[in-house]
Amino acid sequence: MADDKKLTTRAADFSAWYNELVLRAELADYSPVKGSMVIRPNGYGIWERMQRALDDKFKATGHRNAYFPLFIPESFLKKEAQHVEGFAPECAVVTHGGGKKLEEPLIVRPTSETIVYHMFAKWVQSYRDLPLLINQWANVVRWEMRTRLFLRTLEFLWQEGHTAHATHDEAEEETRRMLGVYRDFMEGWMAMPVVTGQKSESEKFAGALRTYSCEAMMQDNKALQAGTSHNLGQNFAKAFELQFQTEAGGLDFAWNTSWGVSTRMVGGLVMTHGDDNGLVTPPKLAPIEVVIVPIWKSDEERGRMTDAAYALRNELQSWTGRGTHDPLRVHVDAREGVKPGAKYYEWEMQGVPLRLELGPKDLEKQSVFSARRDTRAKAPIPMAGVCEGVAAILETMQRELFDAAKARREANSYRGPITYDRFKEIMEGPGGFVYAGWNGDPAVEAQVKEETKATIRVIPDAEFRSPDAPTTCMVTGQPAKYEVVWAKAY
RNA sequence: CGGGGCGUAGCUUAGCCCGGUAGAGCGCCUGCUUCGGGAGCAGGAGGUCGGAGGUUCGAAUCCUCUCGCCCCGACCA
């Protein structure tokens, strides 16, 4: 009886733990259509907070939101050779509408480069129209063979930024800037440390010149590609005749970038911070940061305690110590007929960062009893200064979640000279990030993937590289062209 | 598309070999007692046993077909 209330532990079966958590925390549920899911209010609430934070960052870097249609003419996809090769196999295609066969099939967008740059071509005439900085929040469809809640579903929600620039260097700067924005968000809001860097040729976006990525390590030591930013060069501009008059009077193709993050990040958040009791949400992304549970025995006490709980909520909500635009998000759980213990388990499963218990004894002592979700640390907070006290705990928790995740990642990262045999041991065993030399040959990359299922996650940016750069390729022993991060990935 | 598992109440499932009144736990509703870490008692609602054929006096159970889902692989944000 007690057992079926517990989650499968991470140690016993990480995959089962993840699925159970997502369902039990009511983040999402399976839909009647295979491979697609319903995002429930608990999960959507986290996504909304992600959206808000990211949208502010996009606006602050000069982007404006727009919306492009769901349907794309099939012919558009075919205009960029690599793009069609990459995406055609996973596209949903509409062949009928209004009871009639369509003259030209419509693709349900797997991503919107083609239609966006088709439109850009109409809007851009001169270098004065550049840069054009657009973002859209949308759903996209990719017909994946194997799906997983939040991590890979047929349809998912994301944001896709699309920009056009006059020069390669400007486009490159934008590509890197947005990768930085993603990193700031993932580390500052999700408390999820990432390794940034460039993708190898085989892993880059179909149609891009270069792809950069944020890679996070999950608690099973596998990598999650959490966000990508692409320098598209002039590939799409040429395919869609996106040209402009230069300052000198000539004609040139524009330079494009695109970048995106998706609801997959919710899955990343779960697998970064969740524990065997359920979800752990970083305070900054928690739809509810604080839940107050009033404790009573008699009816008389129930009245007094719920009143006190709502009064405490009002005090917390109206506190402006974090600024008027960032009030504490507080919920009172005054349900009758559910015992306090049952409420504790429920809110822990849902990942609410801080629980406040308020009973007659606390009221007498003019304090409230707090329990932190991640460490389970419990301590009374004096009513005088309760807002500051609560805010301080949340701030500490946000920081410590990041520190803990980063320490875990580093503990499972391997640097220094390594043999291919040792590498195989790591990948068959605990897994993790292995920093090693690579001769740059795609055949080596393919061989390692075939033999170990590990892939090159990124060619890391300078700050992530080892103090002593590897000099030889881990597999061939030839001179290393790059230091790369190997890992099994989601 | 290969390999494995499974479809019985909202959920988890027993029953299936060996055909004969469809059972349990959780959840839900009502009432009373409870309430500082998953409450107890009493009463109650809820089922075309995934679907279609067949065998049989009789099918959740046996046979055939079919649909769907989950997990593991190949592919991918």
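Basis for what follows: all heavy atoms, side chains included, without hydrogens, waters or symmetry-related copies. The sequence lines fix the lettering, A, B, ..., with proteins before strands; numbering per chain opens at 1.
- What separates NZ of A:K339 from C1' of B:U33 is a distance of 12 Å, to the nearest Å.
- Nucleotides B:U61 and B:U21, compared at atom C1', are 15 Å apart to the nearest Å.
- Backbone-only engagement by A:N19 is indicated by non-hydrogen atom pairs under 4.0 Å involving sugar-phosphate atoms exclusively.
- Note on A:Y30: only backbone sugar-phosphate atoms sit closer than 4.0 angstrom, heavy atoms only; bases stay farther off.
- Side-chain N/O atoms of A:E357 and base N/O atoms of B:G37 include no donor-acceptor pair closer than 3.5 Å.
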Pairs of donor and acceptor atoms involving the side chains of residues 202-210 of chain A, under 3.5 Å and at least two apart or interchain, shall be tabulated with distances.
from	atom 1	to	atom 2	distance (Å)
A:S202	OG	A:S200	OG	3.4
A:S202	OG	A:E445	OE1	3.3
A:S202	OG	A:E445	OE2	2.9
A:K204	NZ	A:E201	OE1	3.2
A:K204	NZ	A:A208	O	2.9
A:R210	NE	A:E172	OE1	3.4
A:R210	NE	A:Y212	OH	3.3
A:R210	NH2	A:H168	NE2	2.7
A:R210	NH2	A:E172	OE1	2.9

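- When the P atom is used for both B:C65 and B:C28, the distance is 43 Å, rounded to whole Å.
- The aromatic rings of A:H118 and A:F240 sit perpendicular, their planes meeting at an angle over 60°, well past the 30° parallel limit.
- Rounded to whole Å, the distance from OH on A:Y344 to C1' on B:G38 is 12 Å.
- When heavy atoms are screened at a 4.0 angstrom cut-off, A:R376 is found touching base atoms of the nucleic acid.
- Rounded to whole Å, the separation between the P atoms of B:A74 and B:A60 comes to 42 Å.
- Heavy-atom neighbours of A:K406 NZ from other residues, nucleotides or ligands within 6.0 Å: at or below the threshold of 12.
- Contacts of A:E348 with the nucleic acid, taken as non-hydrogen atoms under 4.0 Å apart, include base atoms.
- With rounding to whole Å, A:R24 atom CZ is found 12 Å from B:U12 atom P.
- Between A:F120 and A:Y117, the distance separating the two ring centers is shorter than 6.0 angstrom.
- In this structure, of B:G37, B:G36, B:A39, it is B:G37 that holds the atom nearest to the side chain of A:R355.
- Among the protein residues, A:P89 comes within range of no part of the nucleic acid, since none of its heavy atoms lies under 4.0 Å from any strand.
- Remark on RNA chain B: of its neighbouring residues A:W158 and A:T147, the 5'-side contact belongs to A:T147, judged by nearest-heavy-atom nucleotide.
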Between A:T272 and A:L224, is the side-chain contact (heavy atoms from CB on, under 4.5 Å) condition met? List the steps.
CA-CA 10 Å; A:T272 299; A:L224 182 77; over 6 Å; no
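- A:W47 has its ring centre no less than 6.0 Å from the ring centre of A:F150.
- For the pair A:K453 and A:E346, nearest-nucleotide mapping onto RNA chain B gives the more 5' position to A:E346.
- Figure legend: cation-pi geometry between A:R409 and A:F433 absent, as NZ or CZ is not positioned both under 6.0 Å from the six-membered ring centre and within 45° of its axis.
- Counting non-hydrogen atoms under 4.0 angstrom, A:T455 reaches nothing in the nucleic acid.
- The side chain of A:W296 lies closest to B:C35, out of B:G36, B:C71, B:C35.
- If you take atom P in B:U12 and the same atom in B:A52, they sit 23 Å apart, rounded to whole Å.
- In this structure, A:K488 atom NZ and B:G73 atom C1' are separated by 12 Å, rounded to whole Å.
- Following rounding to the nearest Å, A:K343 (NZ) and B:C35 (P) show an atom-to-atom distance of 14 Å.
- Checking B:G36, B:C75, B:G38 against every side-chain atom of A:P340, the shortest atom distance belongs to B:G36.
- Taking atom CD on A:E20 and atom C1' on B:C11, their separation rounds to 13 Å, with Å as the unit.
- By the 5.5 Å and 30° criteria, A:Y345 is stacked with the base of B:G38.
- Taking a pair as Watson-Crick or G-U with both hydrogen-bonding distances under 3.5 Å, the stems of three or more pairs touching RNA chain B are B:1-7 with B:67-73, B:10-13 with B:23-26, B:28-33 with B:39-44, B:50-54 with B:62-66.
- Using a 4.0 Å heavy-atom cutoff across all strands shown, A:L224 reaches no nucleic acid atom at all.
- Of the P atoms belonging to B:C16 and B:G4, the separation is 25 Å, rounded to the nearest Å.
- Taking the six-membered ring for Trp and thresholds of 30 and 60 degrees, A:W189 and A:F185 have nearly parallel ring planes, at less than 30 degrees apart.
- In summary, the aromatic rings of A:F236 and A:H83 are positioned with their centroids under 6.0 Å apart.
- Rounded to whole Å, the separation between the C1' atoms of B:U8 and B:G25 comes to 15 Å.
- Rounded to the nearest 0.5 Å, atoms CD (A:Q350) and CD (A:E346) are 6.0 Å apart.
- Looking at A:K378, its side chain comes within 3.5 Å of the base of B:G37 through a donor and an acceptor atom.
- Look at CZ on A:F205: it is 19 Å from P on B:C75, rounded to the nearest Å.
- Counting any heavy atom pair closer than 4.0 Å across all strands shown, A:T111 reaches no nucleic acid atom.
- Here the separation of B:G23 from B:G15, taken at their P atoms, is 15 Å to the nearest Å.
- One interatomic measurement links the two molecules: CG of A:L151 to P of B:C71, which rounds to 11 Å at whole-angstrom precision.
- Counting non-hydrogen atoms under 4.0 angstrom, A:K361 reaches a base of the nucleic acid.
- Rounded to whole Å, the C1' atom of B:G2 lies 41 Å from the corresponding atom of B:G58.
- Among the protein residues, A:Q225 comes within range of the sugar-phosphate backbone only, with heavy atoms under 4.0 Å from sugar or phosphate atoms but none that close to a base.
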